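These numbers come from a predicted model, not from an experiment.
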Amino acid sequence: MPEYDLVYEKSADSSERYRISAEGFFIGRNPDNHITIPDNRISRRHARIWLEGTTPCVEDLDSRNGVALNGQMVKRAALCPGDVLTLGVAVFRVRSCNMSTLSHAVISQENAADLQKAIMSEASGARLPVLYQAAQLLGTVFDLDELLNKILALIFEALPVSRGFVLILNKATGEPEIHAHLSRDGVGNDLPLSRTLIQHVYDHREAMLTLDAQEDSRFTATDSIMGHEIHAAMCAPLPGHDSVAGAIYVDSGNTGRAFGADDLGLLTAIAQVVGVAVENARLYRENVERARLAAIGQATAGIGHCIKNILTGIRGGSEYISMALANNELRYVEKGLPILSRAVERVDMLVMNMMTFSKQRTPERFPQSLNALVKDVFEVNRTRAEKLHVEFEFAPESEVVAPVDGREIYRVLLNLVTNAIDACEQKGGTVTVRLATEENGARIEVSDTGAGIAPEILPHLFNAFVSSKGSAGTGLGLACSQKIVQEHGGSIEAESTPGHGATFRVFLPKLEPPQVTAVGRGERTKAEEPPTPMV
């Protein structure tokens, strides 16, 4: 049975093809027509095209400007291949779809989305499961190149192709790059792509099919599709948000296999799905890169500001030392040396905080006396606290032991107590530490009677490079403290009233008991096995 297409020639380089069926279709200005032409010279429902038996027919539906068949106005007429229909300014040609006369087909990007919806609404047929599987891959495969290779494998199962490629357009160079390729029986590994076909798809955003590339005037003699004697080839664009993101190209090699209009339709629908994945992956990479650059900029600015402040202290201390050497007076050394010592401490703390903040680690947790850690921190800070007229309060009711990484929790306590002393620097005050054992873990509370924390800073206090101490702080101490506590599975929070000090609360949970696997009589668990003697 012969088949016919109605080709809507939108321009010299753009056309749309519609299969003429027994049900037929309507042409008009209203959106509910099968072919919508938004032109005032077209009536709301202008004409009907259908297949009557084996003959295509046209009927004018009482339109205002009528229907012209080969230049003659008609009300109803039979159509033949090669006939030209004119409706207002719209021109249509009737073409036979038998394989001997159909040399190529085109699907515009405007029709691609409608085609995909049409396939999705099919109650039966072979195309719907293929498109459904392609959509499923988007939710299960997250590596882009792996996804594209799986899509190609799916196309190979559904279509009679010998070779396939997925190309992504490199935004920097403007050149397409192969991200996935597949060939049947290992043929065609020398990438015989048709640059003419692919360039046309990029330029016009159209899916294209050729059934006889050797005779197709769109390909030049230098095109690789000619050199490899490829007969049938299809290429569909991968649509992005505002441009073509890439293309899927398949061909039949030199096997003589043929493609149909339905094959091009399925490839175009799959390309619609893949285009979304490619665009999302590209946007994700761009967002990650922007976030990475922003983080680097923030870190560089924060660390640079901190180092600048430390250098100011070093410069001030060294000037005192220079004065001592020049005047041979030790009183300048007594002034300069503490400044230098403080600067060295700040450099040491900055380096340790940077190392902690930049690296994820698993704490080595053992039962540790928190009382002992607090006493060590007080001892380290006692001299400075006395100079600033800051008193320590720590009167535990009992020994609090918790499974922690002692070295890391010591750093948390050191950060919190040092910050509390700094908060009392102007008028003196009291730093109080309390410990408590709870049912699910241990709690540490560090409070001070200092200046407090501004309400606008408090919500961001644990963010990197945020400090309530202005130029005197690095902005990493609390961020690192939070990271260490979270690595222990715990939490840290702060509350403050300006002018009335601040309180920091740290909760450290118990370790989960190890799971015991049942063993048979005479067997040992791994922990019970004696060590293997060394020979």
Side-chain angles (χ1 to χ4, degrees), residues 295 298 302 349 352-378 393-394 396-423 431-450 452-469 473-498 500-514:
Q298 184 187 24
M349 184 170 289
M352 292 298 295
N353 285 337
M354 287 171 58
M355 291 174 64
T356 298
F357 191 72
S358 63
K359 184 178 180 181
Q360 194 72 23
R361 65 183 300 273
T362 301
E364 298 178 2
R365 300 177 66 177
F366 298 99
Q368 177 75 48
S369 170
L370 298 184
N371 302 58
L373 294 179
V374 173
K375 292 175 182 177
D376 288 345
V377 170
F378 277 178
E393 284 189 0
F394 177 53
E397 296 180 1
S398 61
E399 188 76 15
V400 176
V401 177
V404 298
D405 187 324
R407 182 174 56 182
E408 296 301 303
I409 296 303
Y410 171 84
R411 291 189 56 212
V412 173
L413 281 165
L414 183 63
N415 271 325
L416 295 180
V417 170
T418 302
N419 287 346
I421 295 172
D422 291 341
V431 175
T432 304
V433 178
R434 297 181 180 88
L435 301 176
T437 300
E438 300 183 357
E439 181 180 355
N440 297 321
R443 191 170 297 276
I444 303 170
E445 184 177 286
V446 179
S447 58
D448 64 73
T449 59
I453 301 168
E456 62 272 16
I457 293 179
L458 194 59
H460 312 287
L461 198 58
F462 295 101
N463 294 349
F465 307 112
V466 172
S467 176
S468 61
K469 295 185 286 185
T474 66
L476 279 176
L478 288 177
C480 291
S481 297
Q482 183 187 56
K483 181 174 181 292
I484 291 170
V485 171
Q486 289 177 343
E487 287 172 347
H488 280 74
S491 61
I492 181 171
E493 57 186 24
E495 65 178 35
S496 175
T497 302
H500 297 279
T503 298
F504 289 80
R505 296 183 179 88
V506 176
F507 175 73
L508 300 169
K510 290 182 177 179
L511 274 175
E512 292 294 328

Handout entry: Residues that F378 engages under ring-ring contact (aromatic ring centres under 6.0 Å, His included), provided they are two or more places apart
Key = F392

Shortest non-hydrogen separation from [X] to [Y] and the atoms involved:
X: A502; Y: I453; result: CB-CD1, 3.9 Å
X: P509; Y: G489; result: CG-O, 3.4 Å
X: L461; Y: A494; result: CD2-CB, 4.2 Å
X: P498; Y: P455; result: CG-CD, 3.8 Å
X: F507; Y: N440; result: CZ-O, 3.7 Å
X: S491; Y: V485; result: N-CG1, 3.3 Å

Please check this pair: side chain of [X] against backbone of [Y], looking for a donor-acceptor N/O pair closer than 3.5 Å.
X: K510; Y: E439; value: yes
X: D405; Y: E364; value: yes
X: S369; Y: A372; value: yes
X: T437; Y: A442; value: no
X: R365; Y: H488; value: yes

Between [X] and [Y], is any pair of side-chain heavy atoms under 4.5 Å apart?
X: Q368; Y: I409; answer: no
X: N415; Y: F504; answer: no
X: L435; Y: I444; answer: yes
X: I421; Y: T418; answer: no
X: L416; Y: V377; answer: no

Distance check, rounded to the nearest 0.5 Å: [X] atom [atom1] versus [Y] atom [atom2]?
X: I492; Y: L508; atom1: CD1; atom2: CG; value: 9.5 Å
X: D376; Y: L413; atom1: CG; atom2: CG; value: 10.0 Å
X: E493; Y: E445; atom1: CD; atom2: CD; value: 9.5 Å
X: H500; Y: E495; atom1: NE2; atom2: CD; value: 13.0 Å
X: N419; Y: D448; atom1: CG; atom2: CG; value: 9.0 Å

Handout entry: Matching residue for F394 among V417, N371, T432, V431 - test: side chain to side chain contact (heavy atoms under 4.5 Å, CB included)
Key = N371

